[in-house]
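Structure record follows, encoded as structure tokens.
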Amino acid sequence: MSDPRPSHVPWLTPYLTVRDARASASFYEQAFGFSVHDMVDDDGAVMHVEMFYQGQLILMFAPEGAFATTARTPRTSGIEAPQSFYVYTEDVDALYARATAAGAKGLMPPSDQFWGDRFCQLEDPDGYRWGFARPIAPRS
């Protein structure tokens with residue numbers, strides 16, 4: 001059986017609802033170092049965005065109301081996001097500093113954790129929670 005996915009798409013990719021797709025793309029670039037792979041514009045409104053991290057598709061999103069959805073962000077809904085994202089990075093401390101300077105809310109500053117990672121947690125402007133980590137020591 002042939003692989004049914006487009007060549008750049010992993011088997012699992014989070015697809016989020018955001019308030020403003022253009023603003024979210026800019027935030028994710030500045031704060032987390034993601035890069036825009038594809039941005040679909042419909043008469044001046046960004047309707048779909050694909051973002052890469054470390055050369056891999058990591059995230060797709062669309063604004064509230066796109067494609068007739070009623071989905072809302074955690075921030076718009078007034079709830080804590082029930083999921084979070086765990087991303088490995090080269091430098092947890094530098095990412096945390098860059099992200100908070102770009103407007104992310106720091107939830108847990110970088111610190112060494114019992115499971116063996118240096119870890120921090122941030123909340124993006126739409127209320128999604130992101131954990132960034134790096135192993136403290138090489139893993140066998």
Side-chain angles (χ1 to χ4, degrees):
M1 178 190 277
S2 64
D3 190 338
R5 301 169 297 147
S7 62
H8 72 284
V9 178
W11 287 102
L12 174 66
T13 305
Y15 199 103
L16 304 179
T17 296
V18 298
R19 289 177 291 181
D20 179 325
R22 193 175 311 277
S24 291
S26 179
F27 169 81
Y28 289 133
E29 283 180 316
Q30 292 174 16
F32 300 156
F34 296 177
S35 61
V36 173
H37 171 73
D38 190 24
M39 187 179 289
V40 178
D41 188 299
D42 183 24
D43 287 333
V46 176
M47 297 301 287
H48 170 82
V49 178
E50 296 179 4
M51 300 204 79
F52 273 50
Y53 181 71
Q54 301 292 342
Q56 298 177 7
L57 179 65
I58 190 168
L59 176 65
M60 292 189 268
F61 54 86
E64 294 176 337
F67 314 113
T69 181
T70 59
R72 299 291 176 249
T73 70
R75 179 83 61 237
T76 299
S77 300
I79 62 166
E80 182 177 317
Q83 75 288 326
S84 62
F85 304 98
Y86 202 98
V87 183
Y88 281 96
T89 187
E90 291 293 322
D91 187 335
V92 174
D93 296 79
L95 187 138
Y96 186 86
R98 184 175 69 238
T100 54
K105 178 181 177 184
L107 301 175
M108 175 188 278
S111 59
D112 294 347
Q113 301 299 317
F114 68 89
W115 62 84
D117 283 347
R118 182 152 185 85
F119 174 81
C120 72
Q121 189 176 48
L122 300 141
E123 188 174 87
D124 72 25
D126 287 312
Y128 295 106
R129 293 180 172 209
W130 296 83
F132 289 90
R134 179 178 174 96
I136 297 166
R139 296 192 174 156
S140 55

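- Taking the six-membered ring for Trp, F132 and F32 have ring centres closer than 6.0 Å.
- With a 4.5 Å cut-off on side-chain heavy atoms, Y53 and Y28 do not count as touching.
- Hydrophobic clustering (side-chain heavy atoms under 4.5 Å, transitive across Ile, Leu, Val, Met, Phe, Trp, Tyr) groups V9 together with Y15.
- What you find for R22 and G44 is that their closest heavy atoms are NH2-O, 3.4 Å.
- Counting only heavy atoms from C-beta outward, the side chains of Y128 and R75 never approach each other to under 4.5 Å.
- Between the side chain of R72 and the backbone N or O of T76, no donor-acceptor pair lies under 3.5 Å.
- Checked by atom type and distance alone, the side chain of D126 never pairs as donor or acceptor with a backbone atom of T17 at under 3.5 Å.
- In terms of heavy-atom proximity, A133 sits nearest to F119 at CB-CD1, 4.1 Å.
- Between the side chain of R19 and the main chain of E64, no donor-acceptor pair closer than 3.5 Å is present.
- Contact annotation: the side chain of M51 approaches that of F61 to within less than 4.5 Å [non-hydrogen atoms, C-beta and beyond].
- Atom-to-atom distance recorded for M60:CE and D38:CG is 10.0 Å, nearest 0.5 angstrom.
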Would V18 and F27 count as a side chain to side chain contact (heavy atoms under 4.5 Å, CB included) if you check the C-alpha gap in whole Å, the side-chain angles of each, and the deciding distance to 0.1 Å? CA-CA 11 Å; V18 298; F27 169 81; over 6 Å; no
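- No donor-acceptor pair closer than 3.5 Å links the side chain of R118 to the backbone N or O of D93.
- Between D117 and Y88 the shortest side-chain heavy-atom distance falls below 4.5 Å.
- One finds the CG atom of L107 at 5.5 Å from the CD atom of E123 (value rounded to the nearest 0.5 Å).
- Between W11 and P4, some side-chain heavy-atom pair lies under the 4.5 Å cut-off.
- Separating the CE atom in M108 from the CZ atom in R129 is a distance of 10.5 Å, to the nearest 0.5 Å.
- L16 and F52 end up in different hydrophobic clusters when Ile, Leu, Val, Met, Phe, Trp and Tyr side chains are linked at under 4.5 Å.
- Atom-to-atom distance recorded for S35:OG and E50:CD is 11.5 Å, nearest 0.5 angstrom.
- For T69 (side chain) and G65 (main-chain N/O), no donor-acceptor pair under 3.5 Å exists by modelled atom type.
- The nearest pair of heavy atoms linking Y96 to G106 is OH-CA, 3.3 Å.
- Nearest approach of A62 to M47, heavy atoms of both residues: CB-O, 3.1 Å.
- At a threshold of 4.5 Å between non-hydrogen side-chain atoms, the residues R134 and E90 count as touching.
- F34 and W130 have perpendicular rings, their planes meeting at more than 60° on a 0 to 90° scale where under 30° would count as parallel.
- Of all heavy-atom pairs between C120 and P109, the closest is CB-C, 4.0 Å.
- Rounding to the nearest 0.5 Å places CD1 of I58 at 9.0 Å from CZ of F85.
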